[in-house]
Amino acid sequence: ALAQRLDDALSRVRGRGRLDDETVDATLSEIRLALLEADVNFKVVRGFVSRLREVLVGEEVSKALNPSQQVVKAVHAELVRALGGESVTPDLSGNPAVIMLAGLQGSGKTTAAGKLAKQLKKKGRTPMLVACDLQRPAAVQQLRINAEKVGVHVYAPVESGDPVAVARDSLAKARDTGCDVVIVDTAGRLHIDTELMGQARDIRAAVDPTATLFVIDAMIGQEAVNVSKAFLDDVGFDGVILTKLDGDARGGAALSVREVTDRPIVYASVGEKMEDFEAFHPDRMADRILG
Amino acid sequence: ELFGGGVSDDAWEGLEELLISADVGVAATMQIVEDVRRRARDEGVTEADGVVALLKDELRSALEVPDRSLARATDDEPTVWMLTGVNGTGKTTTIGKLAAIEEREGRSVVLAAADTFRAAAADQLGLWADRTGARLVRKDEGADPASVAFDGWMAAIATDADLLVVDTAGRLHNRRELMDELGKVKRVVEKKSGPMDEVLLVLDATTGQNGLAQAGAFVDAVDVTGIVLTKLDGSSKGGIVVAVQRELGLPVKLVGLGEGIDDLAPFDPDAFVDSLFE
Ligand SMILES: Nc1nc2c(ncn2[C@@H]2O[C@H](COP(=O)(O)OP(=O)(O)OP(=O)(O)O)[C@@H](O)[C@H]2O)c(=O)[nH]1
Ligand SMILES: Nc1nc2c(ncn2[C@@H]2O[C@H](COP(=O)(O)OP(=O)(O)OP(=O)(O)O)[C@@H](O)[C@H]2O)c(=O)[nH]1
Ligand SMILES: [Mg+2]
Ligand SMILES: [Mg+2]
């Protein structure tokens, strides 16, 4: 774990005085490696480590903790702060409130749509799932089955054609069926696919979502920065869903995405079943990233 | 133009960052760069171009393998390939693409929809069967996956098919019971077919260092024979396969280059290494 790795760098530090420059450098070098191994983007690591330097230089050595524990505590605190500090509850008021999901292929959007619907239903809302992935084979059927599993309405008028039209028509459909929150599932797309990024932008413009949520896989590597920046700039989003956190990926992408987009990670998907969905906790994520 | 002239420490660091940004990973990057530094010293390479050439050569040999083709049955019975991997990496789509290639080359294909868990998994594979002329074997959601794979083998035998491809559910490698289930699917088929000709692990090119843990776990569970690296049409370089081959000896056999039926190609290590520097 990180504390053990820091023991060498901090071996000459005794229980008083301040951390000198040389000790801080050796310590930061070890922290940099740990963060890179956790898949934090290397530029994000650079920025984060330079902020850490300010925190650690001149940090008074605690008498209560051993030096490694003290440094880990300081790093953990800085990481929690960078991840947003505490869980957020998104404002999903509106009738109908509209939530749009977007992200790379296979990130977990269609599954998340069902989970979000289940959670909102539990809170007394009447969700409607909307099938705007008209591209992937059996995507509409997958969403239909999820809707059935969680017991919510689904609007899936077509299996091919224009998803923008389906999205637009879903709002009236929601009102007609008494649904007060619309969840729009979209096709996975590459952030470098100009046409499909344009389509996502058009879907967003057509329904003016209360919240657009960017869905990203916790095991993603260095490109998390470029992907999330592109989705922010070319489509726009308000929050993030981090998926497959029931795996053992360290999940450094969480820090990368937050640093680069300044958008909160709102939800954590922690399994394949419809109930495997919870609020994102920055402190738990910090533990995980630091290993 | 990374260097300017001669190879400074900054330049070496720049090369490290290039590899790290490609998801090669810290440990593999350090080892590879250290080997290149030593070779550069020994061979008296002092110019930027020379160093990059050495690095490409080092990466290229890390990815070397005598035969990258997919193995096939050498007797009259159907060839058996099984696709495995964590959730959402592109297994089902890859099988569709493989079926297209095989059918076009005149080989008959049976597809076994052994993902009996995820919503519409069998429907998704069924659409690929329709597109390619492959025969689909499926059961209802919740059926025993091994029994679907078994039925696939029996159908392949009964129809004298050239190839059986088994689709499996995505599963996270740290889920013990799911990895055991995968082992059982393999054993049940192999009781009838003998050893499978290929057990492919499908890795998403966007995956970071967790890809190495995935590979290790799937090797332990079902003795993986090769990697399919998907979504290489994105901006991720897929550098994790360097560590996967260095540490586990697993070669990349195929790459996924898109969502369309023709978007599958043999792995080209030269093109792969070149793209790391683009
Ligand atoms: N273990 C685990 N699996 C998940 C999680 N979220 C989604 N999945 C699985 O990941 C795979 C992909 O999920 P989908 O919901 O189809 O992903 P998607 O983003 O809609 O995919 P595309 O529409 O093709 O872009 C499926 O096997 C899901 O069951 C999660 O939190 N944990
Ligand atoms: N851009 C791109 N997308 C791909 C590629 N291969 C698969 N996909 C997409 O990735 C998503 C997931 O593909 P699937 O074939 O359903 O993946 P899977 O591994 O079978 O998923 P599970 O069975 O849920 O674990 C789909 O949207 C595919 O179209 C590829 O090479 N490039
Ligand atoms: Mg989907
Ligand atoms: Mg599949």
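By convention in this document, chain letters (A, B, ...) are assigned in the order of the sequence lines, proteins followed by strands, and residues within each chain are numbered from 1. Since this is a predicted model, take the numbers as computed values, not measurements.
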Peer 1: About how many Å separate CD1 of B:I227 and CG of B:L201, when rounded to the nearest 0.5 Å?
Peer 2: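 Rounded to the nearest 0.5 Å, the CG-CD1 separation comes out at 4.0 Å.
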Peer 1: What's the spacing between A:I241 CD1 and A:L101 CG if we round to 0.5 Å?
Peer 2: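 Rounded to the nearest 0.5 Å, the CD1-CG separation comes out at 5.0 Å.
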Peer 1: Which heavy atom of A:A147 sits nearest a heavy atom of A:V154, and at what distance?
Peer 2: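 Distance-wise, the nearest heavy atoms are CB-CB, 3.6 Å.
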Peer 1: Go through the steps to decide whether A:L255 and A:F48 satisfy the test side-chain contact (heavy atoms from CB on, under 4.5 Å), and finish with yes or no.
Peer 2: CA-CA 9 Å; A:L255 177 62; A:F48 186 77; 4.3 Å; yes
Peer 1: Could you list each N or O donor-acceptor pair linking chain B to chain A at a distance under 3.5 Å?
Peer 2:
residue: B:E17; atom: OE1; partner: A:R46; partner atom: NH2; Å: 2.9
residue: B:E17; atom: OE2; partner: A:R46; partner atom: NH2; Å: 2.9
residue: B:D23; atom: OD1; partner: A:Q222; partner atom: N; Å: 2.9
residue: B:N87; atom: O; partner: A:K244; partner atom: NZ; Å: 2.9
residue: B:N87; atom: ND2; partner: A:E272; partner atom: OE1; Å: 3.0
residue: B:N87; atom: ND2; partner: A:E272; partner atom: OE2; Å: 3.3
residue: B:Q124; atom: OE1; partner: A:R136; partner atom: NH2; Å: 3.4
residue: B:E141; atom: OE2; partner: A:K149; partner atom: NZ; Å: 3.1
residue: B:H173; atom: NE2; partner: A:D248; partner atom: OD1; Å: 2.8
residue: B:H173; atom: NE2; partner: A:D248; partner atom: OD2; Å: 3.2
residue: B:N174; atom: ND2; partner: A:D246; partner atom: O; Å: 2.9
residue: B:T206; atom: O; partner: A:G221; partner atom: N; Å: 2.8
residue: B:G208; atom: N; partner: A:M219; partner atom: O; Å: 2.8
residue: B:Q209; atom: N; partner: A:D39; partner atom: OD1; Å: 3.0
residue: B:Q209; atom: N; partner: A:D39; partner atom: OD2; Å: 3.2
residue: B:N210; atom: ND2; partner: A:D248; partner atom: OD1; Å: 2.7
residue: B:K231; atom: NZ; partner: A:Q105; partner atom: O; Å: 3.0
residue: B:S235; atom: OG; partner: A:H191; partner atom: NE2; Å: 2.9
residue: B:S235; atom: OG; partner: A:E223; partner atom: OE1; Å: 2.5
residue: B:E259; atom: OE2; partner: A:Q105; partner atom: NE2; Å: 2.8

Peer 1: Verify whether the ring centers belonging to A:F231 and A:F237 lie closer than 6.0 Å.
Peer 2: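 No, the ring centres sit 6.0 Å or more apart.
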Peer 1: Let me know if A:L36 has heavy atoms under 4.5 Å from chain B in its side chain, its backbone, both or neither.
Peer 2: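 Answer is both: backbone and side chain atoms of A:L36 are under 4.5 Å from chain B.
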Peer 1: Quick check on the interface: out of B:L127, B:L125, B:I240, who has the most heavy-atom pairs with chain A under 4.5 Å?
Peer 2: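 Greatest number of close heavy-atom pairs with chain A: B:L127.
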Peer 1: Do you know which of B:G239, B:G211, B:A119 has the most heavy-atom pairs with chain A at a distance under 4.5 angstrom?
Peer 2: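 Ranked by heavy-atom pairs under 4.5 Å with chain A, first place is B:A119.
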Peer 1: Is A:I192 in contact with chain B via its backbone, its side chain, both, or neither, using a 4.5 Å heavy-atom distance?
Peer 2: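 Side chain of A:I192 only, per the 4.5 Å heavy-atom cut-off to chain B.
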Peer 1: Is the closest side-chain heavy-atom distance between A:I183 and A:V130 below 4.5 Å?
Peer 2: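 A side-chain contact under 4.5 Å is absent here.
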Peer 1: Closest approach of A:L245 and A:A268, non-hydrogen atoms and distance?
Peer 2: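 It is CD1-CB, 3.5 Å.
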Peer 1: Atom CH2 of B:W12 and atom CG of B:L55: how far apart are they, to the nearest 0.5 Å?
Peer 2: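 Here the rounded value is 8.0 Å.
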